[in-house]
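Just so it is clear, the structure is predicted and the values come from calculations on it, not from any experiment. Both counts, for ligands and for their atoms, begin at 1 and track the order of listing.
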Amino acid sequence: MPHTVLMAEPRGFCAGVVRAIDVLDQILDREQGPVYAFHEIVHNRYVVDRFRERGAVFVDTIEEIPEGSRVVFSAHGVSPQVVAAARERSLKIVDATCPLVTKVHLETKKAAKDGFDILLVGHEGHDEVEGTKGEAPDRTKVVDRPADVQALGSLDRPVFVVTQTTLSVDDTRATIDAIRERFPEAEIRNDICYATTNRQAAVREIASRADLVIVVGSANSSNSVRLAEVAKTMGTPAYRVDGIEEIDPAWYEGVGVVGLTAGASVPDELLEPIIEDLKARGVTSVEPVIVATETLEFRMPQELASS
Ligand code: SF4
């Protein structure tokens, strides 16, 4: 049975998620009427449920929000079309988009203005990809893997490449190599963020030393899903769970060392019951495995910064 837990560091909340949660938290504290959030504020079931209990209303279309209401845009960002629709309904907007996502929007918008066709490496349908694509919908094609690049028709203009922020570092390298091969002159920005990169490096490290890796994070959290995939590429069995209730104790059979990590939208308190349970099963050592130290903090949006 397990005797050791290796804790990936960094893991859990990134600066963009902390900021988005603080934004919604402050608004719920100060506003009387209902507060709407366009899309899940961050992709974590636990976080979203806690906000729902406090009165936040999560919607997937702007039309669901009564005119003049307060709306918060999630950390994943929104397209200019969504902003326009919100303004048309006279919504009071607070934008909790992660500044690193905003940077990708700005790159995309400028590239379109400068006459490029844009290849957006990312997962079609993900909130962040929808938002970025909306900056230049007629010029942008989403590619997820090398085969998508090979399947592209010819492009009329020079090519500019941006990426979703939460992709697998290794898979993205392969897709970008395929783009370079087809479009050798392409201008390439790799926008995978520091938090995604560090969490993947940390999970790779614990996976190399563990018999089993558990990743805490929701199924719609791109970066959490990627963490489990990265662990598996090291040949280590890995499971993504929302919390302890989804862990099957049979996974621990024959396992001495358990690696534990969490996606960027996951509060650390969700890991505590898992660690306590492992201690009750015989774990005597809980060791941090540190691959990077993060100090980045983002300023609050202007609407809230002065308060
Ligand atoms: Fe921002 Fe990266 Fe966190 Fe996404 S994962 S919110 S891009 S810091």
Side-chain angles (χ1 to χ4, degrees), residues 8-26 37-48 51 58 72-79 82 94-109 120-123 125-135 142 161-172 189-204 215-230 240 261-268 270 291-301 304:
E9 280 192 28
R11 63 172 182 278
F13 280 0
C14 60
V17 163
V18 168
R19 176 175 180 268
I21 288 175
D22 284 351
V23 166
L24 189 50
D25 196 42
Q26 283 194 24
F38 181 74
H39 290 153
E40 293 191 345
I41 186 76
V42 300
H43 283 157
N44 183 263
R45 197 178 73 188
Y46 175 87
V47 172
V48 169
F51 276 128
F58 292 92
V72 178
F73 293 149
S74 81
H76 307 101
V78 297
S79 67
V82 168
V94 177
D95 189 358
T97 302
C98 175
L100 300 182
V101 174
T102 302
K103 177 176 149 274
V104 187
H105 279 236
L106 296 175
E107 284 168 353
T108 304
K109 194 171 159 179
L120 166 54
V121 183
H123 306 306
H126 186 278
D127 291 346
E128 182 187 320
V129 169
E130 292 303 297
T132 305
K133 196 169 132 187
E135 293 290 350
V142 178
V161 181
V162 291
T163 77
Q164 190 179 335
T165 55
T166 51
L167 299 177
S168 151
V169 172
D170 293 333
D171 293 351
T172 304
R189 301 280 180 278
N190 187 335
D191 301 291
I192 298 176
C193 78
Y194 80 98
T196 300
T197 306
N198 288 345
R199 280 152 192 70
Q200 286 178 19
V203 81
R204 197 173 288 117
V215 177
V216 182
S218 290
N220 62 346
S221 160
S222 171
N223 81 89
S224 302
V225 173
R226 300 290 86 75
L227 289 177
E229 285 174 3
V230 169
R240 181 207 51 77
T261 188
S265 48
V266 179
D268 225 35
L270 295 185
V291 304
T293 306
E294 295 177 348
T295 53
L296 186 65
E297 285 179 21
F298 292 128
R299 273 203 300 267
M300 292 293 269
L304 300 174

>> Under 2.8 Å from atom 3 (Fe) of ligand 1, can any N, O or S atom of Cys14 be found?
In response: yes

>> Please find the pair of heavy atoms, one from Tyr46 and one from Leu270, that lie closest to each other, and give the distance.
In response: CD1-CD2, 3.6 Å

>> Does either side chain, that of Thr97 or that of Asp95, offer a donor lying less than 3.5 Å from an acceptor on the other one?
In response: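 Present: a donor and an acceptor within the cut-off.
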
> For Glu128 and Thr165, does a side-chain donor sit closer than 3.5 Å to a side-chain acceptor?
Replying inline: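 Judged by distance alone, the side chains do pair up.
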
> Are more than 12 heavy atoms from other residues, nucleotides or ligands located less than 6.0 Å from atom NZ of Lys109?
Replying inline: no

> Should you measure from each heavy atom of Tyr194, which atoms of ligand 1 turn up under 4.0 Å away?
Replying inline: 8 (S)

>> Could you tell me, atom by atom, which parts of ligand 1 come under 4.0 Å of a heavy atom of Cys98?
In response: 1 (Fe), 6 (S), 7 (S), 8 (S)

> Which word best sums up how the rings of His76 and His126 line up, parallel for under 30°, tilted for 30 to 60°, or perpendicular for over 60°?
Replying inline: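 Aromatic pair His76/His126 classed perpendicular.
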
> What residue and heavy atom of the protein are closest to atom 7 (S) of ligand 1, and at what distance?
Replying inline: Thr165 OG1, 3.4 Å

> Nearest protein heavy-atom contact for atom 5 (S) of ligand 1: which residue, which atom, what distance?
Replying inline: Cys193 SG, 3.6 Å

